[in-house]
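Written below as structure tokens is the structure these notes are about.
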Amino acid sequence: MPPTSTPESGDTAQSLLLQTVNQNAPPGGQVKFLERVPFGKTLSVDRYQLENGLMLLLAEDHEAPVVAYHTWFSVGSRHEKVGKTGLSHLFEHLMFNESENLPAGEFDRKMEEAGAEVNASTWLDWTQYSSSLPKAQLCTAIPLEAERMARLVLKDPQLNSEKEVVANERRYRVDDDVDGAVNELLWATAFKEHAYRWPTIGWMADIEGFTTEDCLDFYRTYYAPNNATLVVAGDFVALEVLSQIAEHYGPMPRSALPLEDVRPEPPQLCEQRVSVDKPTQTEKLVLGYKSPAFGDFDYPALSLLGEVLAGGRASRLYRRLVRELEIASEVRISAGPFRDPSLFEVYVSARAGHSAEELLEVVEAELARVKEEPVSREEIDRALARSELALLASLETAEGKASTLGFYETVLGQPAGAIERLAMEQRVGPSDLRRVARRYLVNTQRTVVIVRVQPEAVDDSTEAE
Amino acid sequence: MNTPGKSALVRPQVLVETSRALPLVSLSVCFTPGSVLDPAGSAGLTRLTGRLMRRTGGGLSADQLDTRIDTLGGSLGADVSHGAIAFQGTCISRSLDAFVGVVKDVVAAPSLDESEFGKLKRESEAELLASLDSDQSVARHWFRRRLYAEHPYGCPASGTLRSLPGIQYSHAKAHYGQAICRENLLFAFAGDIDADQAQRYAEQLSLAVPVGTPRAVPVAEPTFLSGRELIVIDKPERTQTQILIGTRGSHPKDADHTALHVANTVFGGTFTSRLMHEVRSKRGWSYGASSHLPYDKKRQAFSMLTFPKADDAAACIELQLQLLEQWCESGITAEELDWVKNYLVRSHAFALDTANKRVGLKLDEVLNDLPADFHNGYLDRVQAVTLEQANRAISERISPKDLLIVVVCTEKLLSEQLKAVVADLKSYEVIPFDGEAQAEAQA
């Protein structure tokens with residue numbers, strides 16, 4: 001872990017800051033300084049907490065006159081139940097609707113008038129809301145964000161309209177999208193017990209079935225200060241921000257968060273294989289190997305192995321499948337960055353005239369090779385350099401810094417975990433790569449999805465021009 | 001054919017934006033023009049040439065080059081647009097010298113290996129085939145092809161499944177000699193680098209590039225269709241549609257471009273715009289609903305994009321046409337104008353918040369022949385727009401009677417409904433989504 005400082009280290013400026021903030025804070029709004037964590041070579045992040053449990057991360061950076069303001073909630077699709085899938089994501093949409101002091105549409109209207117770029121996203125473990133503003137407009141965002149966190153109004157007409165939007169989003173991202181549909185099929189097949197088996201966007205029937213009461217229950221349970229982290233990154237004055245946050249969030253009550261009811265996934269003992277026809281021009285192969293949680297000691301090595309195998313055009317699988325054999329047009333690998341064990345996904349798109357089975361044979365040969373022959377130091381260095389470049393590029397904007405801090409805080413409880421993660425990858429050696437390959441890239445622990453070309457996609461066609 | 005230069009150095013044009021925030025440097029080496037150089041019937045030639053350079057720099061193999069770039073903590077792409085062949089990359093500062101060396105090999109000493117050309121061409125064809133999986137890409141492809149017809153803007157820089165097979169290695173080799181020369185070179189650097197360093201690197205690179213005579217390619221103003229045309233791109237099993245509706249747009253050199261940009265932002269440029277409000281917020285018909293007013297060296301199209309489910313597609317088009325007509329007839333309100341000016345002026349901070357974006361704006365000015373202060377003057381121009389100017393720009397520039405409507409859907413389910421909601425329809429055409437692939441297979 002990087003060195004940290006605490007209030008006991010005698011930071012007088014910090015003490016004075018807190019004294020000023022707390023003197024004027026409303027009941028319940030007292031702010032406690034937890035630690036200062038280095039964040040790269042030039043930045044640091046200060047970690048605070050309000051009495052009601054709300055976590056605050058402040059990272060000052062005066063490079064540009066903008067600031068990113070994020071709210072991360074520790075609730076995602078893993079917290080849903082069968083028959084109510086997609087509620088976290090639907091709720092993300094509803095958060096842009098009416099609140100006690102703002103009519104429907106006014107949140108967006110006011111934020112856009114302030115020049116804000118506003119967005120939100122939901123995944124398996126979390127939901128996050130992001131706003132980036134010119135620095136002079138941060139004071140607009142804080143009360144608006146606090147308002148919707150505590151005083152959202154939910155009514156049937158808005159819910160019904162938003163359900164339609166989400167159903168359309170599902171058609172766009174999943175039902176009419178080959179990759180989206182295949183990804184959903186992979187996870188639904190690979191997991192039998194764990195909540196990772198259903199898609200974050202939810203099953204269509206569940207989306208259509210939500211009631212306003214479902215949403216209100218969800219809101220009262222999970223949208224509470226003790227289940228959230230605020231991240232402020234960019235050009236701001238800490239005293240002003242802390243004072244405003246204490247004023248607007250301090251009075252919010254804690255929620256009695258329910259114990260998580262996630263069931264561990266039982267060990268997978270044999271390969272599962274499914275195939276599906278799609279209106280596509282070429283076959284696809286998707287493999288999902290059971291893989292460790294993001295916080296697992298093995299994760300950095302497995303992630304780096306993914307870079308060796310499919311990170312960029314000099315990677316092993318790309319060279320073999322796309323360049324040498326010319327049987328694929330695209331290869332990609334990702335290791336699921338999730339709180340619980342998930343999937344190491346291998347995706348390959350075939351070229352016309354080549355089958356998914358041909359792809360599988362080559363992928364298997366390359367995976368067998370990393371289990372036997374040590375990966376060279378040069379290949380590891382290449383993968384590490386790519387990883388370092390990606391991290392640096394992700395920190396270019398205030399928005400990127402806030403996303404990185406919020407993600408690592410929410411998933412690992414380590415706001416500067418991205419920097420630590422890079423250091424862990426730099427300690428990985430050939431034996432680590434071989435060990436994780438042998439441990440995780442095992443056929444009995446994998447799910448195979450094959451996409452076939454639907455005959456109609458070809459037969460109905462006529463010459464266009 | 002160009003030759004390695006011994007003539008005096010033409011002082012290269014170098015754009016620089018310094019930021020020491022991160023140990024990263026971005027650079028762009030641009031040759032102008034870009035894919036407008038493609039001869040008739042050879043769409044994709046310029047891009048193939050640029051990508052071949054990227055893969056054969058310094059006589060290395062593509063694998064060797066990729067490994068070298070990755071290991072330096074860098075990335076380098078060959079991006080070809082209508083206006084430029086741009087080699088754009090980023091690297092970690094500690095490797096800058098070596099990285100510039102690689103870029104030099106790529107732009108000045110590519111071997112243009114013939115076997116690599118064959119691989120590249122087959123790979124490019126496979127990429128085009130794969131792009132048919134994306135309904136939105138298919139919609140955009142046909143929208144541009146039909147809207148710009150024979151104009152170079154109608155020819156995709158990536159080529160088509162019909163044009164790529166006809167491009168031979170000899171064409172690419174000859175094209176390199178015509179497209180790449182010192183005299184049409186432009187550099188942009190951003191990040192952890194100062195102006196002096198950037199100038200030195202630019203001169204090093206420039207000296208290595210062959211001298212030559214840049215090819216002047218006059219590009220005419222595009223002409224736009226008259227009347228309303230509906231084109232359905234037929235794809236099986238679509239539960240959803242992709243709808244693009246467009247017509248003649250504007251250009252920054254038009255006196256009323258900023259006024260139209262302001263008015264368009266009210267119409268479909270934000271999350272609370274008229275289009276978004278009516279299509280998504282009120283009716284829930286489409287996840288996205290937006291309008292766009294892009295520009296290039298020449299005039300481009302104004303367009304609207306939505307993607308409603310199949311059952312709502314006809315009603316959505318009908319609504320969009322009503323909203324468009326209403327916008328053209330009645331314009332925007334004074335309240336909307338005040339609001340949108342605040343939005344545009346304040347959000348402009350995000351066009352400038354990184355060195356990369358700032359240098360990108362400078363590059364945009366040069367590549368599109370805009371006045372040198374075009375982006376610096378943006379805020380003043382927006383503030384100066386009056387209601388009368390905004391509304392006149394809409395009524396004079398946008399013609400709702402002349403529209404191209406492209407819909408990706410399963411045609412047999414929707415054809416009659418779609419035709420019924422477009423009044424004064426001049427023509428209706430159905431194109432299979434994989435039409436080019438099929439035509440090529442049959443050929």
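Keep in mind that the numbers below use all heavy atoms, side chains included, and drop hydrogens, waters and symmetry copies. Letters A, B, ... mirror the listed sequences (proteins, then strands); counts begin at 1.
- The candidate from B:Arg68, B:Glu116, B:Lys282 with the greatest count of non-hydrogen atom pairs under 4.5 Å with chain A is B:Glu116.
- Rounding to the nearest 0.5 Å gives a distance of 8.5 Å between CD of B:Gln240 and CG of A:Asp175.
- No donor-acceptor pair closer than 3.5 Å links the side chain of A:Glu112 to the backbone N or O of B:Tyr343.
- Taking the charged nitrogens against the carboxylate oxygens, A:Glu162 and B:Arg280 do have a contact shorter than 4.0 Å, which makes a salt bridge.
- For the pair B:Arg122 and A:Glu326, the salt-bridge criterion is met [side-chain N within less than 4.0 Å of a carboxylate O].
- Contact of B:Asp353 with chain A is made through backbone and side chain together, with heavy-atom distances under 4.5 Å.
- Side chain of B:Trp339 to backbone of A:Lys110: no donor-acceptor contact under 3.5 angstrom is found.
- Your options are A:Pro65, A:Ser329, A:Ala352, A:Ala114, and the one with the most heavy-atom pairs under 4.5 Å with chain B is A:Ala114.
- Residue contact with chain B, scored on non-hydrogen atoms closer than 4.5 Å, involves the side chain of A:Gln137 exclusively.
- When side chains are defined from C-beta on, A:Glu164 does not count as touching B:Arg283, because their heavy atoms never get closer than 4.5 Å.
- Only the side chain of A:Tyr318 has a heavy atom closer than 4.5 Å to any heavy atom of chain B.
- A distance of 3.0 Å separates CG in B:Asp133 from OG1 in A:Thr280, rounded to the nearest 0.5 Å.
- Using modelled atom types, one side-chain atom of A:Ser161 and one backbone atom of B:Ser281 make a donor-acceptor pair closer than 3.5 Å.
- The salt bridge (Lys or Arg N to Asp or Glu O under 4.0 Å) test applied to B:Glu123 returns B:Arg55, not counting sequence neighbours.
- Looking only at heavy-atom pairs under 4.5 Å with chain A, the residue among B:Ile69, B:Asn342, B:Leu344, B:Leu352 that has the most is B:Asn342.
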side-chain contact (heavy atoms from CB on, under 4.5 Å) between A:Arg170 and B:Tyr287, intermediate numbers included: CA-CA 9 Å; A:Arg170 189 189 148 83; B:Tyr287 178 61; over 6 Å; no
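- Of the residues considered (A:Ala64, A:Gly234, A:Pro134, A:Ala136), A:Pro134 shows the highest number of contacts with chain B, using heavy-atom pairs under 4.5 Å.
- Here the straight-line distance linking atom CG of A:Asn119 with atom CZ of B:Phe271 works out to 8.5 Å at 0.5 Å rounding.
- Of the atoms belonging to B:Leu129, heavy atoms from both backbone and side chain fall under 4.5 Å from chain A.
- Contact of B:Ser19 with chain A is made through backbone and side chain together, with heavy-atom distances under 4.5 Å.
- In this structure, the side chain of B:Asp63 does not engage the main chain of A:Arg319 through any donor-acceptor pair within 3.5 Å.
- Under the side-chain hydrogen bond (donor to acceptor under 3.5 Å, both in side chains) criterion, B:Ser158 pairs with no residue, sequence neighbours left out.
- Heavy-atom distances place no part of B:Ser95 under 4.5 Å from chain A, backbone and side chain included.
- Looking at B:Phe307 and A:Asn168, their side chains never come closer than 4.5 Å, going by heavy atoms from C-beta outward.
- Residues of residues 379-389 of chain A that come within less than 4.5 angstrom of chain B, heavy atom to heavy atom, are A:Arg382, A:Ala385, A:Arg386, A:Glu388, A:Leu389 in numerical order.
- One finds the OG atom of A:Ser315 at 9.0 Å from the CG atom of B:Asp66 (value rounded to the nearest 0.5 Å).
- For B:Ala21, the parts sitting under 4.5 Å from any heavy atom of chain A are the backbone and the side chain alike.
- With a threshold of 4.5 angstrom between heavy atoms, B:Lys235 approaches chain A through side-chain atoms but not through N, CA, C or O.
- Taken from CG in B:Asp434 to CD in A:Gln281, the straight-line distance is 4.5 Å, to the nearest 0.5 Å.
- B:Gln136 touches chain A through its side chain: at least one heavy atom from C-beta onward sits under 4.5 Å away, while N, CA, C and O do not.
- Interface check for chain B: of the options A:Lys135, A:Glu378, A:Arg173, the most heavy-atom pairs under 4.5 Å are formed by A:Arg173.
- The greatest number of non-hydrogen atom pairs below 4.5 Å with chain A, out of B:Cys91, B:Ala126, B:Ser26, B:Gly288, is found for B:Ala126.
- The choice from A:Gln158, A:Arg351, A:Met111, A:Arg109 that makes the most heavy-atom pairs within less than 4.5 Å of chain B is A:Arg109.
- Rounded to the nearest 0.5 Å, atoms OG1 (B:Thr354) and CD (A:Glu399) are 13.0 Å apart.
- Between the side chain of B:Lys309 and the main chain of A:Arg171, no donor-acceptor pair closer than 3.5 Å is present.
- Inspection of the A:Asp176 and B:Thr239 side chains reveals an N or O donor paired with an N or O acceptor under 3.5 Å.
- In this structure, no portion of B:Gln64 lies under 4.5 Å from any heavy atom of chain A.
- A search for salt bridge (Lys or Arg N to Asp or Glu O under 4.0 Å) contacts involving A:Glu330 returns A:Arg332, not counting sequence neighbours.
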